[in-house]
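Accompanying notes for the structure given below.
Because the structure is predicted, anything quoted here is derived from the model rather than measured. All values below were derived from every heavy atom in this structure, side-chain atoms included, with hydrogens, water molecules and symmetry-related copies excluded.
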Amino acid sequence: MATARELGLIVGTLPAGPLNAITDVAGVSVGHHTLSGNGLATGVTAIVPHAGDPFRLKPRAAVEIINGFGKSAGLMQVAELGAIETPILLTNTFGVAACTQALIRRAIAANPTIGRKTSTVNALVCECNDGGINDIQAMAVTPEDADAALEAARPGSFAQGAVGAGTGMTAFGFKAGIGTASRRIDIGGEAFILGALVLANFGPAGQLVLPDGRRPVSGAAEPETGSVIVILATDLPLADRQLQRVVRRAGAGLARLGAFWGNGSGDLAVCFTTADPIEHRPKSAFAALRRLDDAKIDLAFQAAAETTQEAVLNALCEAPATHGRDGRRYPALADWLKENPLR
């Protein structure tokens with residue numbers, strides 16, 4: 001398969017990072033574990049924020065619930081305390097419990113005092129419903145599958161499309177799944193990266209708008225019942241309020257694609273920064289925090305919108321055509337683009 005850029009879809013004006021991936025943010029790694037066959041088309045995707053222990057050194061973060069039709073775990077505490085304590089796992093709706101268990105067990109193994117002499121741990125797991133292709137009632141995802149995705153996490157390039165949590169996902173009537181993109185932003189003589197990873201499973205057929213204005217048709221109109229998870233990562237030093245403002249701009253990227261966040265769509269975004277993490281046991285009652293001048297934050301807003309938009313397009317372009325459990329065919333956007341060249 002090919003990326004959106006390789007197929008001629010160019011998003012925005014900011015330069016991409018070296019890999020055009022969330023892993024352009026130093027320290028961030030991604031891993032997949034895929035389950036397929038015997039009616040299964042699902043899996044787990046892991047986003048690890050840094051190479052250390054996120055419970056001991058917590059990346060600061062913010063959450064934006066765009067439309068709250070979802071069953072994710074851990075978002076409430078992130079919204080309240082502004083930090084994440086575990087890697088982020090993506091999976092299908094009925095796999096949340098297994099992934100949560102895996103994250104808690106790993107955190108306890110690394111920190112035996114959790115829940116006894118220190119606080120409990122907030123496992124962060126986000127989900128979409130892949131039941132159109134996957135036999136979701138099989139509840140096939142296990143804690144061991146989550147562990148496999150975490151063990152597979154590496155920096156650098158990683159697979160996109162129908163892989164890991166994206167194996168059974170669809171968007172705008174096409175096959176979709178996992179996608180990523182990044183942007184380099186230069187502020188005050190320093191270079192920073194903002195990257196996105198999406199689990200794309202949203203948008204009715206016929207609603208997709210490409211960057212060049214075309215609207216691919218992939219089937220009959222239908223109600224919006226899907227979901228999308230957007231994970232943004234950056235090394236830009238942002239205050240808590242600024243993280244909230246940046247994560248909100250993921251919605252702009254979704255809207256550019258034609259999304260309107262329907263009643264039955266679970267749409268959310270999480271943004272974390274690797275700058276100035278929070279120590280679990282701080283040595284001082286006060287901590288210094290470097291923060292961006294608000295007058296310079298528009299570049300981060302633009303990067304959040306552009307990477308979200310391009311990541312979804314990559315999820316669509318990298319996923320091959322497939323059939324659902326009811327026999328419905330979900331075509332590949334890459335095939336549509338090749339059959340309908342821009343004139």
| said: Tell me whether E80 at atom CD has more than 12 heavy atoms from other residues, nucleotides or ligands lying less than 6.0 Å away. | reply: no

| request: Kindly determine whether N111 and R56 satisfy side chain to side chain donor-acceptor pair (under 3.5 Å), including the steps that lead there. | output: CA-CA 9 Å; N111 302 275; R56 290 289 168 188; 2.7 Å; yes

| query | When clusters are formed by joining ILVMFWY residues with side-chain heavy atoms under 4.5 Å apart, either directly or through shared neighbours, do L236 and V270 land in the same one? | reply | no

| field | Residue pair D130, T42: steps toward the side chain to side chain donor-acceptor pair (under 3.5 Å) verdict | value | CA-CA 7 Å; D130 58 12; T42 193; 2.8 Å; yes

| Are any side-chain N or O atoms of T142 and backbone N or O atoms of D145, one a donor and one an acceptor, separated by less than 3.5 Å? | yes

| said: Do F172 and L337 land in one hydrophobic cluster if side-chain heavy atoms of ILVMFWY residues count as linked below 4.5 Å? | reply: yes

| Hey, are the side chains of N201 and V228 touching, using non-hydrogen atoms and a 4.5 Å cut-off? | no

| Can you check whether L333 reaches P216 side chain to side chain, under 4.5 Å on heavy atoms? | yes

| Quick check: does any side chain N or O of Q309 sit under 3.5 Å from a backbone N or O of V11, one acting as donor and the other as acceptor? | no

| said: Quick one, Q244 and V247 - any side-chain contact, counting heavy atoms below 4.5 Å? | reply: yes

| Validation row: L199, T45 side chains within 4.5 angstrom (heavy atoms) | no

| Evaluation steps, side-chain contact (heavy atoms from CB on, under 4.5 Å), between S72 and V125 | CA-CA 6 Å; S72 295; V125 184; over 6 Å; no

| task | Evaluate the side-chain contact (heavy atoms from CB on, under 4.5 Å) criterion for residues D240 and R60: first the C-alpha distance (whole Å), next the side-chain angles of each, then the deciding distance (0.1 Å), finally the verdict. | result | CA-CA 7 Å; D240 295 345; R60 293 182 303 104; 3.2 Å; yes

| task | Using modelled atom types only, decide if a donor and an acceptor are shared between the side chain of E127 and the backbone of N92 within a distance under 3.5 Å. | result | no

| Is the centre of the F55 ring less than 6.0 Å from the centre of the H280 ring? | yes

| request: Answer yes when R328 and D326 have at least one side-chain N-carboxylate O distance shorter than 4.0 Å, and no when they do not. | output: no

| message | Treating E6 as the side-chain partner and T3 as the backbone partner, does any N or O pair qualify as donor plus acceptor under 3.5 Å? | response | yes

| Where do R281 and T118 land on the side chain to side chain donor-acceptor pair (under 3.5 Å) test, with the steps shown first? | CA-CA 10 Å; R281 297 289 191 193; T118 191; 3.2 Å; yes

| task | Could you state whether L14 and L313 fall into the same hydrophobic cluster, counting links through intermediate Ile, Leu, Val, Met, Phe, Trp or Tyr residues with side-chain heavy atoms under 4.5 angstrom apart? | result | yes

| request: Please test E190 against R290 for salt bridge (Lys or Arg N to Asp or Glu O under 4.0 Å), starting from the C-alpha separation and ending with a verdict. | output: CA-CA 14 Å; E190 297 183 62; R290 190 179 181 216; 2.4 Å; yes

| Atom CH2 of W336 and atom CG of L7: how far apart are they, to the nearest 0.5 Å? | 11.5 Å

| request: Report yes if some heavy atom in the side chain of R256 is under 4.5 Å from a heavy atom in the side chain of V209; otherwise report no. | output: no

| message | For F69, is the CZ atom crowded, meaning more than 12 foreign heavy atoms sit under 6.0 Å from it? | response | no

| message | I'd like to know if R5 pairs up with E310 as an ion pair, taking the criterion as any Lys NZ or Arg NE/NH1/NH2 lying under 4.0 Å from an Asp or Glu carboxylate oxygen. | response | yes

| query | Would you call K296 and D298 a salt bridge, using N to O less than 4.0 angstrom? | reply | no

| said: Under a 3.5 Å distance rule, please check whether R248 uses its side chain to pair with a backbone N or O of A269 as donor and acceptor. | reply: no

| Would a 4.5 Å heavy-atom cut-off, applied to side chains only, mark D24 and L19 as touching? | yes

| request: For T234 and I193, indicate whether the former's side chain and the latter's backbone hold a donor-acceptor pair under 3.5 Å. | output: yes

| task | Report whether M1 and F158 are members of the same hydrophobic cluster (ILVMFWY, side-chain heavy atoms less than 4.5 Å apart, transitive linking). | result | no

| field | Distance (rounded to the nearest 0.5 Å) between L90 CG and M169 CE | value | 8.5 Å

| field | Nearest heavy-atom neighbours spanning D276 and A288 | value | OD1-O, 4.4 Å

| Nearest-0.5 Å distance that lies between atom CD1 in I47 and atom CZ in F272 | 7.5 Å

| request: Starting from the C-alpha separation in whole Å, work towards a yes-or-no answer on side-chain contact (heavy atoms from CB on, under 4.5 Å) for I65 and L75. | output: CA-CA 9 Å; I65 307 299; L75 296 175; 3.9 Å; yes

| query | Which heavy atom in E85 sits nearest to a heavy atom in T120, and how many Å separate them? | reply | OE1-O, 3.9 Å

| Looking at CG of L124 and SG of C99, how far apart are the two atoms once the value is rounded to the nearest 0.5 Å? | 11.0 Å

| Where S182 and N20 come nearest, the two heavy atoms and their spacing | N-OD1, 2.9 Å

| message | I'd like to check I229 versus V198 (side-chain heavy atoms, cut-off strictly below 4.5 Å). Are they in contact? | response | no

| How many angstroms lie between CD in Q137 and CG in N134, if you round to the nearest 0.5 Å? | 10.5 Å

| query | Can you check side chain to side chain donor-acceptor pair (under 3.5 Å) on T274 and H50, steps first, answer last? | reply | CA-CA 8 Å; T274 58; H50 60 66; over 6 Å; no

| said: Looking at T180 and A196, would you say the former's side chain and the latter's main chain have a donor-acceptor pair under 3.5 Å? | reply: yes

| query | Is the backbone N or O of R245 less than 3.5 Å from a side-chain atom of R249, with the two atoms forming a donor-acceptor pair by type? | reply | yes

| task | Would you please test V230 and D267 for side-chain contact (heavy atoms from CB on, under 4.5 Å) and show each step? | result | CA-CA 8 Å; V230 182; D267 310 321; over 6 Å; no

| query | Do L232 and V25 sit in the same hydrophobic cluster, where Ile, Leu, Val, Met, Phe, Trp and Tyr count as joined when their side-chain heavy atoms come under 4.5 Å apart? | reply | no

| task | Mark yes when over 12 heavy atoms from residues, nucleotides or ligands other than D212 sit less than 6.0 Å from its CG; otherwise mark no. | result | yes

| note | For G164 and T34, the nearest pair of non-hydrogen atoms, with its separation, is N-OG1, 2.8 Å

| Checking T307 side chain against A303 main chain: does a donor-acceptor pair fall under 3.5 Å? | yes

| Distance, nearest 0.5 Å, that separates CZ of R241 from CZ of R291 | 5.5 Å

| query | Looking at A250 and T308, what are the two nearest heavy atoms and their distance? | reply | O-CG2, 3.5 Å

| said: Counting C-beta onward and ignoring hydrogens, is there a side-chain heavy-atom pair between L9 and R214 closer than 4.5 Å? | reply: yes

| message | With a 3.5 Å distance limit and no angle check, can you tell me whether S227 reaches the backbone of C128 through a side-chain donor-acceptor pair? | response | no

| said: For L299 versus I185, what's the shortest heavy-atom pair and its separation? | reply: O-CG2, 3.8 Å

| query | Salt bridge or not for R325 and D135, using N-O below 4.0 Å? | reply | no

